[in-house]
Amino acid sequence: MSLVEIHNIHKSFGSLEVLKGVDFNVNEGEVVCLIGRSGSGKSTLLRCINLLEKPDDGIIKVFDEDILHTKDINAYRAKVGMCFQQFNLFNNKNVIENCILPQMKVLKISREEAKEKAMMYLKKVGMDAFANASVSKISGGQKQRVAIARALCMNPKLMLFDEPTSALDPEMVGEVLNVMKDLAKEGLTMIIVTHEMSFAKDVSDRVVFMDQGVIEEQGTPDALFNHPVSERTKEFLKAFTNKQ
Ligand SMILES: Nc1ncnc2c1ncn2[C@@H]1O[C@H](COP(=O)(O)OP(=O)(O)OP(=O)(O)O)[C@@H](O)[C@H]1O
Ligand SMILES: [Mg+2]
């Protein structure tokens, strides 16, 4: 079943056309990695799915709902988890409060229930021992794992990740990618913008290469990375291999 169905979306910022007619589907349980050059429109596409941006034209259906005409944007957003490069945690609160407060506010559940769920997900990301630590005192990789736990506390049916590891020191990237790999194995539907090619190879059911505001090519990791068809895909991958 398709969880996300995008038909022909367009988005411009002033005279800059960033999305030039994108069709994009994601099935339930699928893990899709979005790759492409800086400025190709990856974040804009992701932000449209979460309604942080509104396309100028086109249709986006998520969970069978026409979200561009939704009456309750907050109810919709509560079903979609999002993790950014910057963690957007409350720095002046401790780890567990960061996971408790959104649940109380959005899901309207009791503090006790929220706390129990927060501990469960902090444990899942290996951060339960830091529940009472101040966010300002933990490392970047630990912050990102808390941000993932906080998102999971909302029981999302879909998770969006926008370069969750690109602000991290190299030695912390692995701990965050491992948490994401576990989520993928458990069947959570995820759309991940990433520059981590070996992670994308490893974890995704499908890799989507965006270029200049369109989806240039997509396929299984083996097809896209080992047998790309488009010249533009080949060029991108070649440049990437040379950089490593
Ligand atoms: N709110 C905005 N206002 C004006 N221009 C924007 C806005 N958001 C994005 N852009 C521009 O749209 C283009 C595509 O941006 P986008 O962030 O989607 O690219 P990206 O593929 O995610 O790139 P990166 O890999 O660098 O994150 C860029 O030229 C960017 O400067
Ligand atoms: Mg981006």
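Just so you know, ligand 1 is whichever comes first in the structure, and atom 1 is the first atom listed for that ligand.
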Nearest to atom 27 (O) of ligand 1, what protein heavy atom do you find, and at what distance? Glu163 OE2, 3.4 Å
Are Ile6 and Ile49 close enough that some pair of their side-chain heavy atoms sits under 4.5 Å apart? yes
Hey, is Met210 one of the residues with a heavy atom under 4.0 angstrom from ligand 1? no
What residue and atom, counting heavy atoms only, is the protein's closest point to atom 26 (O) of ligand 1, and at what distance? Ser38 OG, 2.6 Å
Carboxylate-amine/guanidinium proximity below 4.0 Å for Arg111 and Glu97: yes
Atoms of ligand 1 less than 4.0 Å from Gly39 heavy atoms? 13 (C), 14 (C), 19 (O), 20 (P), 21 (O), 23 (O), 24 (P), 26 (O)
Under a 4.0 angstrom heavy-atom cut-off, which atoms of ligand 1 come close to Leu16? 11 (C), 12 (O), 29 (O)
Give the contacting part of Leu45 toward ligand 1: side chain, backbone, both or neither, where contact means a heavy-atom distance below 4.0 Å. neither
State whether a side-chain donor-acceptor pair under 3.5 Å links Gln144 with Thr165. no
Within the 4.5 Å heavy-atom criterion, are Phe199 and Val176 side-chain neighbours or not? no
If you take the nearest heavy atom of each of Thr44, Asp162, Leu46, Thr194, which one is closest to atom 18 (O) of ligand 1? Thr44
Below 4.0 Å from ligand 1: does a non-hydrogen atom of Arg37 turn up there or not? yes
Would you say Ser43 has an N, O or S atom lying under 2.8 Å from the Mg ion (ligand 2)? yes
For the atom pair NE2 (His69) and NZ (Lys61), what is the distance rounded to the nearest 0.5 Å? 12.5 Å
Close side-chain approach of Ile148 and Leu183, heavy atoms under 4.5 Å: yes
Min side-chain heavy-atom separation Gln142-Glu175 under 4.5 Å: yes
Do ligand 1 and Gly36 have nitrogen or oxygen atoms that lie under 3.5 Å from each other? no
Salt-bridge test for Lys234 and Glu231: reply yes if a basic N is under 4.0 Å from a carboxylate O, no otherwise. yes
Hey, is atom 30 (C) of ligand 1 under 4.0 Å from any protein heavy atom? no
Side chains of Gln85 and Ser166: is there a donor and an acceptor less than 3.5 Å apart? yes
In ligand 1, the atoms that come under 4.0 Å of a heavy atom of Ser40 are 19 (O), 21 (O)
Is the positively charged end of Lys143 above the ring of Phe87, judged by distance under 6.0 angstrom from the centroid and angle within 45° of the axis? no
Residue selection (non-hydrogen contact nearest atom 22 (O) of ligand 1) among Cys48, Ser43, Gly213: Ser43
Hey, is Val18 touching ligand 1 through its side chain, its backbone, both or neither, going by heavy atoms under 4.0 Å? side chain
With a 4.0 Å cut-off, strictly under, does atom 24 (P) of ligand 1 pick up any protein heavy atom? yes
Please write down residue, atom name and distance for the protein heavy atom closest to atom 3 (N) of ligand 1. Phe13 CD2, 3.5 Å
Under 4.0 Å from a heavy atom of His195: which atoms of ligand 1 are those, numbered in the order shown and with their elements? 25 (O)
How far does CE of Met180 sit from SG of Cys33, to the nearest 0.5 angstrom? 7.0 Å
